[in-house]
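The next block holds one structure in the form of structure tokens; read it before the comments.
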Amino acid sequence: QVQLVESGGGLVQAGGSLRLSCAASGRTFSSHAMGWFRQVPGKEREFVAAISGSGGSTYYAVSVKGRFTISRDNAKNTVYLQMNSLKPEDTAVYYCAGRYTTESRNYYISESAYDYWGQGTQVTVSS
């Protein structure tokens, strides 16, 4: 069982930056592809970014590409989401998710592909 704990959310003005962190328990973190999703009340949870277990492959939603960067430090069992040039429409609860995989280069963009989820962290971008 893997437990995920997000941190780093908060209130920021439009154009600002935040870095989210997601700390994972367990000794097999590098065997887990990781992803970030976000959800606004009343809407479905949407994909933001994904990274393979090795960290060598990443993928982004069109809405965040060029502004957000996903990365991971397998020695620290942590995945990050650096968010720059934030917009009010980025306001949401951000969740990290993990999926065990033997394919170190694979990443996943479907919510249903993930086995483990964090509790979420609120990001609010004011205009």
Side-chain angles (χ1 to χ4, degrees):
Q1 186 76 10
V2 174
Q3 291 186 326
L4 304 175
V5 179
E6 302 100 333
S7 61
L11 173 64
V12 64
Q13 288 189 331
S17 298
L18 280 175
R19 188 176 82 155
L20 305 184
S21 299
C22 174
S25 65
R27 295 177 291 177
T28 60
F29 182 67
S30 60
S31 296
H32 287 76
M34 301 296 294
W36 286 96
F37 292 75
R38 65 187 182 186
Q39 188 170 26
V40 175
K43 294 189 177 181
E44 293 187 353
R45 191 152 49 185
E46 67 171 357
F47 168 78
V48 174
I51 189 167
S52 61
S54 67
S57 300
T58 58
Y59 190 82
Y60 298 90
V62 171
S63 59
V64 307
K65 193 171 184 180
R67 300 188 297 122
F68 291 10
T69 302
I70 188 171
S71 62
R72 65 190 297 158
D73 185 337
N74 286 343
K76 295 183 178 180
N77 280 17
T78 302
V79 62
Y80 304 98
L81 185 68
Q82 177 67 45
M83 305 186 295
N84 298 330
S85 301
L86 282 162
K87 305 175 181 180
E89 51 263 44
D90 294 318
T91 295
V93 177
Y94 283 72
Y95 299 89
C96 73
R99 171 196 169 107
Y100 178 79
T101 176
T102 57
E103 299 293 334
S104 64
R105 292 176 293 181
N106 283 10
Y107 55 78
Y108 303 87
I109 63 174
S110 171
E111 182 179 352
S112 62
Y114 288 91
D115 303 311
Y116 309 105
W117 292 86
Q119 82 289 349
T121 185
Q122 176 70 46
V123 172
T124 302
V125 184
S126 63
S127 57

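Computed from heavy atoms alone, side chains included, the values below leave out hydrogens, waters and symmetry copies.
- Leu86 and Val93 fall into different hydrophobic clusters, defined by Ile, Leu, Val, Met, Phe, Trp and Tyr side-chain heavy atoms under 4.5 Å apart, directly or through other members.
- The minimum heavy-atom distance between Ala14 and Ser127, with the atom names listed, is CB-CA, 4.4 Å.
- Going from atom CG of Asn106 over to atom OG1 of Thr101 covers 5.0 Å, rounded to the nearest 0.5 Å.
- Proximity of a side-chain donor or acceptor of Thr121 to a complementary backbone N or O of Gly9 within less than 3.5 Å is detected.
- Ala23 meets the side chain to side chain contact (heavy atoms under 4.5 Å, CB included) test with Thr78; sequence neighbours excluded.
- Residues passing the salt bridge (charged side-chain N to carboxylate O under 4.0 Å, His left out) test with Glu111, sequence neighbours excluded: Arg45.
- Residue pairs meeting the salt bridge (Lys or Arg N to Asp or Glu O under 4.0 Å) criterion with at least one member in residues 60-88, sequence neighbours excluded, are Arg67-Asp90.
- Annotation: salt bridge (Lys or Arg N to Asp or Glu O under 4.0 Å) contacts involving residues 2-15, sequence neighbours excluded, are absent.
- If you take OH on Tyr114 and CD1 on Ile109, they are separated by 8.5 Å, rounding to the nearest 0.5 Å.
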Throw together a table of side-chain donor-acceptor distances under 3.5 angstrom for residues 30-37, partners on residues two or more places apart or in other chains.
residue	atom	partner	partner atom	Å
His32	ND1	Thr28	O	2.8
Trp36	NE1	Tyr80	O	3.4

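- Partners of Asn84 by side chain to side chain contact (heavy atoms under 4.5 Å, CB included), not counting sequence neighbours, listed by chain and number: Ser17, Gln82.
- Val79 and Ser71 make their closest contact through CG2-O, 3.1 Å (heavy atoms, listed as atom of the first residue, atom of the second, distance).
- Proximity of Tyr59 to Phe47: side-chain heavy atoms (C-beta onward) are separated by under 4.5 Å at one or more points.
- Its side chain outside the 4.5 Å cluster rule for every partner, Val5 clusters with none of the Ile, Leu, Val, Met, Phe, Trp and Tyr residues.
- Minimum heavy-atom separation, Leu81 to Ala49: CD1-CB, 4.2 Å.
- The minimum heavy-atom distance linking Ala24 with Val2 is given by the pair CB-CG1, 4.2 Å.
- Under the salt bridge (charged side-chain N to carboxylate O under 4.0 Å, His left out) criterion, Glu46 pairs with Arg38, not counting sequence neighbours.
- A disulfide (SG to SG under 2.5 Å) check over residues 14-104, counting only residues at least two apart or in different chains, returns the pairs Cys22-Cys96.
- The closest side-chain heavy-atom distance from Val123 to Leu18 is below 4.5 Å.
- Residues passing the side-chain hydrogen bond (donor to acceptor under 3.5 Å, both in side chains) test with Ser54 are Ser52, sequence neighbours excluded.
- In this structure, the side chains of Val48 and Tyr60 stay at 4.5 Å or more apart for every pair of heavy atoms.
- Considering every non-hydrogen atom in both Ile51 and Tyr107, the closest pair reads C-CB, 4.0 Å.
- Residues that satisfy the side chain to side chain contact (heavy atoms under 4.5 Å, CB included) test with Ser110, not counting sequence neighbours, are Ser112, Ala113.
- The only option from Leu20, Val64, Thr69, Val125 that meets the side chain to side chain contact (heavy atoms under 4.5 Å, CB included) definition with Met83 turns out to be Leu20.
- Residue pairs meeting the salt bridge (Lys or Arg N to Asp or Glu O under 4.0 Å) criterion with at least one member in residues 9-21: none, sequence neighbours excluded.
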